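One structure is given here, and the rest of the page talks about it.
All of these numbers come straight from a predicted model, not from anything done at the bench.
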Amino acid sequence: EKRVESKKWSVEARWAWEMDLDTCVIGRNHLKEACIDCVASGKSVADCPLAGGACEHAFDQHCIARRLEQRSMCALCRTEMGV
């Protein structure tokens, strides 16, 4: 004998990004290390400055410059970078 009958039910899912903000998501290297372009050309981390937009996400300057040639938005949150 049924005591309870479900007539309707719904599911709610929530998620959030859990990411290491010390990593350039474009070049996938630690921000305290030189990007792949600088490593390939023998430059040091001092020659590899950081860059960020109004959204305050940080990237290696060389990585974000290359991306902004194709898209004018942040690689993480897609906020316009104003190029």
Side-chain angles (χ1 to χ4, degrees):
E1 158 183 351
K2 289 185 183 180
R3 292 185 175 201
V4 177
E5 182 179 333
S6 295
K7 296 201 179 235
K8 181 181 176 183
W9 63 280
S10 61
V11 176
E12 179 178 330
R14 295 177 188 232
W15 63 276
W17 290 104
E18 287 190 30
M19 63 185 76
D20 182 9
L21 295 178
D22 292 339
T23 302
C24 175
V25 297
I26 300 169
R28 300 192 183 209
N29 59 290
H30 197 280
L31 291 174
K32 292 183 180 178
E33 298 172 357
C35 71
I36 193 166
D37 292 340
C38 290
V39 170
S41 61
K43 296 180 182 175
S44 71
V45 69
D47 299 318
C48 192
L50 298 181
C55 59
E56 298 184 10
H57 290 128
F59 307 96
D60 290 313
Q61 173 66 41
H62 303 112
C63 294
I64 195 66
R66 190 172 49 249
R67 178 182 168 83
L68 292 176
E69 291 174 2
Q70 300 167 2
R71 297 179 194 95
S72 63
M73 61 182 78
C74 174
L76 284 173
C77 66
R78 299 192 177 174
T79 299
E80 278 295 317
M81 299 285 278
V83 176

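Side-chain contact between L31 and T23 is absent, with no heavy-atom pair separated by less than 4.5 Å. The side-chain heavy atoms of H57 and T79, taken from C-beta on, include no pair separated by under 4.5 Å. By the 4.5 Å heavy-atom criterion applied to side chains, H62 and C38 are counted as neighbours. Put simply, the side chain of C48 does not reach to within 4.5 Å of the side chain of Q61, judged on heavy atoms. Between C74 and F59 the shortest side-chain heavy-atom distance falls below 4.5 Å.
Here the closest heavy-atom approach between residue L68 and residue M73 is recorded as CD2-N, 4.1 Å. In this structure, C35 and N29 approach most closely via the heavy-atom pair CA-ND2, 3.7 Å.
Here SG of C24 is found 8.5 Å from CG of L50. Values are rounded to the nearest 0.5 Å. Atom CD in E33 sits 9.5 Å away from atom CG in D60 (nearest 0.5 Å).
Within 6.0 Å of CD1 on I26 lie more than 12 heavy atoms contributed by other residues, nucleotides or ligands.
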